[in-house]
Amino acid sequence: MSEIQNKETLMNTSPRGGKEGVTTGIVSGVVANMVTVRVNGPVLQGEICYITTGGDRLMAEVIKVIGRDVYVQVFESTRGLKVGAEAEFTGHMLEIQLGPGMLSHNYDGLQNDLDKMDGVFLKRGQYTEPLDNDRLWDFEPLAKEGDKVQASDWLGMVEENHQPLKIMAPFQLKGTAVVKSIVSKGQYKIHDTIAVLTDEQGNDIKVDMVQHWPVKFAMTNYREKPRPFKLLETGVRTIDTFNPIVEGGTGFIPGPFGTGKTVLQHAISKQAEADIVVIAACGERANEVVEIFTEFPELVDPHTGRKLMERTIIIANTSNMPVAAREASVYTAMTMAEYYRSMGLRVLLMADSTSRWAQALREMSNRMEELPGPDAFPMDLGALISNFYGRAGYVYLNNGQVGSVTFLGTVSPAGGNLKEPVTESTKKVARCFYALEQDRADKKRYPAVNPIDSYSKYLEYPEFADYIKEHINEEWIPKVLALKTRMQRGKEIAEQINILGDDGVPVEYHVTFWKSEVIDYVILQQDAFDEVDAVTPLERQEEILNLVTKICDKDDYKFETFLEVIDYFKKLINLCKQMNYSQFKSEQYYDYIKQIKSLLEVKKEK
C-alpha cells in the first residue's frame with residue numbers, strides 16, 4: 001500500500017477522521033501554494049484548514065471542492081510540503097477578530113500583529129494574537145437593562161487614541177434580543193463579559209468586546225444604504241474641485257510607476273475628512289511597504305495636530321509573500337473598515353495596489369486550470385472587483401446614525417496601459433477615475449492626474465448637486481463643467497499648434513490655449529510638500545475657482561502677436577501660483593489678488 005492509501009485507511013476507521021466532529025484529510029498533490037487534499041468528511045467552500053509539515057501548521061483556505069478532493073490555497077510557503085501530510089479542517093471561514101486595540105497597529109493579511117513578530121522575515125507557521133488580551137479599557141455603558149437590541153446595536157463605548165469606539169451586539173445576532181444585564185462603568189479586558197442578552201428563543205448570550213467576522217462576507221448590519229452624496233473634502237484641488245469623491249464613494253488611481261500614486265495617497269490619507277484610515281499594501285515591493293512603515297508614523301494629522309498613525313491601521317503583504325495572502329489582505333482591510341463604519345464613523349480605505357490582488361487571482365485560476373479570460377485573468381474578474389467595491393458605501397445604521405466607507409484603490413497597469421483588464425473592470429464599478437499620466441509626471445505637473453481622461457460620476461448625481469447647492473453654491477458644478485470643456489479645447493489647440501507651428505494658428509487660438517494653462521497651473525497643480533499649498537480648504541477652492549472662471553470668461557483681451565499672449569499669461573500664472581503659496585486671507589494673499597486684478601485690467605480692450 002502507498003502512504004496515502006495507508007493514511008486513508010486509518011482516517012476511514014472514524015466517520016470524521018482522528019478527532020470527533022472534525023473533518024481531516026491528507027495531501028495528495030502540491031503545485032506551489034495550491035494543495036490538493038483528500039478528505040474524509042464534509043468541507044465548506046472557503047473553510048480554513050491547517051496542514052502540518054515539519055512541525056509547522058500552515059493555514060490554508062478551501063477554494064474548490066470536487067467530490068473528496070479539496071483544493072486549498074496555502075497562506076504560507078509550501079517549501080518542503082510532501083504528499084501524505086495531514087490536514088485538519090476548522091469548520092469556519094477565514095475570519096478576523098474585531099475589537100478595541102487595532103488602531104496604530106501593523107498587520108499582515110491574516111491579521112497577525114507584525115509588531116509582535118521576531119526578526120526581519122516572517123517565520124512560517126507563526127501566528128500572533130491581533131488584540132491585547134490583558135489591556136484594561138475604560139468602558140461606559142450606553143444601553144440599559146430591558147433595552148431591545150439588534151445585531152451591531154451599540155451597548156457601550158471605550159476610547160482608543162481619542163476615538164470613541166462602540167461595543168456592539170454580536171453581528172451574528174438573529175432578530176431582536178433584550179439586554180438582560182450590563183456591567184457598570186469601569187475598567188474591563190476585551191474578553192470580559194460586559195453584557196448578557198436574551199434572544200427570541202430565550203437563550204442567554206454573553207457579550208464581550210470582541211467580534212468575529214468572515215472577511216469575504218459583507219457586513220449588512222445597517223438599515224439603509226442610499227447613493228452617497230456628501231462631498232469628502234481632501235484638500236487636493238484636482239479632486240475636490242474637478243472630480244470630487246463623496247463619503248462612502250469609490251474611486252481608483254491607475255498609473256505607471258513613478259507618476260506619484262504613493263504621494264497622492266499619502267496626501268489624501270492625511271487630509272481627507274475621515275475618522276479612521278485603513279491602508280492595505282497589497283503585494284507591493286518590500287521597499288515601498290517599508291516606506292509606508294517609516295513615513296506614515298511621522299505624518300502629522302492636520303485635523304488634530306497629533307500623529308496620523310493614531311487613527312490608522314496598516315495591512316501589509318509584500319510581493320514576495322504567497323499570492324493567497326495578498327488576496328486575504330484586501331478583504332481583511334475592508335472588513336475592518338466595515339467594522340468601524342458600524343460605529344457611525346467615517347472610514348477611508350486605501351488599497352495599493354489592486355493590480356497585485358488581481359495577479360494573485362490570476363495565478364490561482366491558472367493553477368486550477370480554469371478557463372482564462374483576457375490576459376489570462378479569471379473570467380469572473382469583473383464580478384470579483386464589483387463585489388469588493390460594492391462593500392464600500394454610506395449607510396444609515398439601525399439607530400439613525402450614519403457611517404461610511406470610502407474606498408480608493410490604485411492600479412498599476414503594465415506599461416501604463418489603461419486598456420488592460422484590471423483597469424477596464426474597475427472603471428465599470430468605481431465612480432471616480434483619477435488617471436495618472438506619465439507625460440504630466442515627466443513635465444513635473446503634479447498631481448499628475450490627467451484632466452481630460454479623469455472623471456467623477458458623482459457630478460451627475462442629483463443628490464450630490466443638491467448637496468453642493470446647499471453647502472457651497474449652485475454655480476459650482478456649472479463652472480467646473482465649463483472649465484473641463486476649456487481643458488478639452490485647450491488640448492485640441494495644443495495639438496494644432498504642434499502641427500502647424502505658433503504662426504500657423506490665429507492669436508485667438510493661443511489665448512484659448514493659455515486659458516487652459518491657467519486652469520492647469522492654478523487649480524490642477526499643487527505642491528504636496530509646501531506647508532500652505534499642500535492643503536486647500538473648500539472655502540479657498542471656491543475663491544480660486546471663481547478667480548480662474550473670471551480669467552477664462554474674460555473675452556476682451558487684445559493682443560497683436562502670440563508672443564504677447566505667452567508673456568502676459570505667464571505673468572498672470574506666476575501671480576496666481578504665488579497667491580496659492582500665500583496664507584489664506586493674509587495681507588500677502590490679498591496683495592496678489594490685487595495684482596492679478598490690475599493685470600486683468602491692463603489687457604482690457606478699449
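The figures that follow rest on heavy atoms only: side chains count, while hydrogens, waters and symmetry mates do not. Numbers here simply count residues along the sequence, with the first being 1.
Residues H162 and R306 have side chains in contact (heavy-atom distance under 4.5 Å, counting atoms from C-beta outward). The shortest distance between side-chain heavy atoms of F139 and Q187 does not fall below 4.5 Å. Taking 4.5 Å as the limit, some side-chain heavy atom of M343 sits within range of a side-chain heavy atom of L165. Within the 4.5 Å cutoff, side-chain heavy atoms of R326 are placed close to those of Q359. Here the side chains of M368 and M34 are in contact, with some heavy-atom distance below 4.5 Å. In this structure, N221 and S342 have side chains that are in contact, with non-hydrogen atoms separated by less than 4.5 Å.
Once rounded to the nearest 0.5 Å, the distance linking NZ of K230 with CD of E247 reads 4.5 Å. Distance check, rounded to the nearest 0.5 Å: CD of E95 to OG1 of T332 gives 11.5 Å. Here OG1 of T410 is found 5.0 Å from CD of Q265. Values are rounded to the nearest 0.5 Å. One distance of note links CZ of R311 with CG of L345; it measures 11.0 Å at 0.5 Å rounding. One distance of note links CZ of R135 with CE of M209; it measures 10.5 Å at 0.5 Å rounding.
Sparse packing is recorded around CZ of F217, with 12 or fewer heavy atoms of other residues, nucleotides or ligands lying under 6.0 Å away.
With sequence neighbours excluded, no residue satisfies salt bridge (Lys or Arg N to Asp or Glu O under 4.0 Å) with K82. A search for side chain to side chain donor-acceptor pair (under 3.5 Å) contacts involving R346 returns D275, not counting sequence neighbours. In this structure, the salt bridge (Lys or Arg N to Asp or Glu O under 4.0 Å) partners of D204, at least two apart in sequence or on a different chain, are K180. Every side chain to side chain contact (heavy atoms under 4.5 Å, CB included) that S425 has, sequence neighbours left out, goes to L381, I385. Not counting sequence neighbours, the partners of D153 by the side chain to side chain contact (heavy atoms under 4.5 Å, CB included) test are V149, Q150, N398. Scored by the salt bridge (Lys or Arg N to Asp or Glu O under 4.0 Å) test, D113 finds no partners at all (sequence neighbours excluded). Listed by chain and residue number, P228, Y458, F464 satisfy the side chain to side chain contact (heavy atoms under 4.5 Å, CB included) test with V246 (two or more places apart in sequence, or in another chain). Residues forming a side chain to side chain contact (heavy atoms under 4.5 Å, CB included) with T52 (at least two apart in sequence, or on another chain): R57. Scanning for salt bridge (Lys or Arg N to Asp or Glu O under 4.0 Å) contacts around E160 gives an empty result, with sequence neighbours left out. Residues that satisfy the side chain to side chain donor-acceptor pair (under 3.5 Å) test with K166, not counting sequence neighbours, are absent from this structure.
In this pair, Y394 and Y396 present their aromatic rings perpendicular. The plane angle is above 60°, beyond the 30 to 60° band.
A salt bridge links D56 with R124: the closest approach of a Lys/Arg side-chain nitrogen to an acidic carboxylate oxygen falls below 4.0 angstrom. Taking 4.0 Å as the cut-off between side-chain N and carboxylate O, D192 and K189 do not count as a salt-bridged pair. At a threshold of 4.0 Å, the pair D199-K174 does not count as salt-bridged, since none of the basic side-chain nitrogens sits closer than that to a carboxylate oxygen. Using a 4.0 Å cut-off between charged side-chain N and carboxylate O, R38 and D69 make a salt bridge.
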Run the numbers on L98 and V210 for side-chain contact (heavy atoms from CB on, under 4.5 Å), then give the verdict.
-> CA-CA 6 Å; L98 302 165; V210 179; over 6 Å; no
After noting the C-alpha distance and the side-chain angles of L155 and M168, does the key distance pass the side-chain contact (heavy atoms from CB on, under 4.5 Å) rule?
-> CA-CA 5 Å; L155 301 177; M168 295 170 279; 6.0 Å; no
Would L361 and F377 satisfy side-chain contact (heavy atoms from CB on, under 4.5 Å), going step by step from the backbone distance to the final call?
-> CA-CA 7 Å; L361 296 173; F377 283 102; over 6 Å; no
Worked verdict on I245 versus L408 for side-chain contact (heavy atoms from CB on, under 4.5 Å) = CA-CA 10 Å; I245 191 168; L408 264 175; 4.1 Å; yes
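Judged by distance alone, the side chain of D380 and the main-chain N or O of A383 form no donor-acceptor pair under 3.5 Å. In this structure, K116 contributes its side chain and E129 its backbone to a donor-acceptor pair below 3.5 Å. Judged by distance alone, the side chain of Q126 and the main-chain N or O of N112 form no donor-acceptor pair under 3.5 Å. D132 places a side-chain N or O within donor-acceptor distance of the main-chain N or O of D134, the cut-off being under 3.5 Å. In this structure, T312 contributes its side chain and L308 its backbone to a donor-acceptor pair below 3.5 Å. Of the possible polar contacts, one joining the T406 side chain to the G248 backbone as a donor-acceptor pair under 3.5 Å is found. In terms of modelled atom types and a separation under 3.5 Å, the side chain of E86 and the main chain of T24 share no donor-acceptor contact. With hydrogens and angles ignored, the 3.5 Å screen pairs a side-chain donor or acceptor of N33 with a backbone N or O of V74. Counting only distance, with no hydrogens or angles, the side chain of S329 and the backbone of G109 share no donor-acceptor pair below 3.5 Å. With hydrogens and angles ignored, the 3.5 Å screen pairs a side-chain donor or acceptor of T78 with a backbone N or O of A32.
Pairing each heavy atom of L131 with each of G101, the nearest pair is CD2-C, 4.3 Å. When all heavy atoms of A85 and I51 are compared, the pair lying nearest together is CB-CG2, 4.2 Å. Residue P100 comes nearest to V158 through the heavy atom pair CG-CG2, 3.8 Å, listed as atom of the first residue, atom of the second, then distance. Across all non-hydrogen atoms, the minimal contact from G305 to V300 is O-CG1, 3.7 Å. In terms of heavy-atom proximity, H212 sits nearest to Q97 at NE2-CG, 3.5 Å. In this structure, A328 and L110 approach most closely via the heavy-atom pair CB-CD2, 4.1 Å.
Aromatic rings from F252 and Y389 are positioned such that their centres are separated by 6.0 Å or more. Two rings, from Y50 and F89, have their centers 6.0 Å or more apart.
Pairs passing the salt bridge (charged side-chain N to carboxylate O under 4.0 Å, His left out) check and including a residue from residues 258-270, sequence neighbours excluded, do not occur.
A donor atom on one side chain and an acceptor atom on the other are found under 3.5 Å apart for T335 and R391. D208 and T193 share no donor-acceptor pair across their side chains, judged by distance under 3.5 Å alone. Of the N and O atoms on the side chains of S104 and E310, not one donor lies less than 3.5 Å from an acceptor on the other residue. No hydrogens or angles considered: a donor-acceptor pair under 3.5 Å links the side chains of H191 and N133.
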Side-chain donor-acceptor pairs of residues 58-66 under 3.5 Å, sequence neighbours excluded:
residue, atom, partner, partner atom, Å
E61, OE1, Q73, NE2, 2.8
E61, OE1, K216, NZ, 3.3
E61, OE2, K216, NZ, 3.2

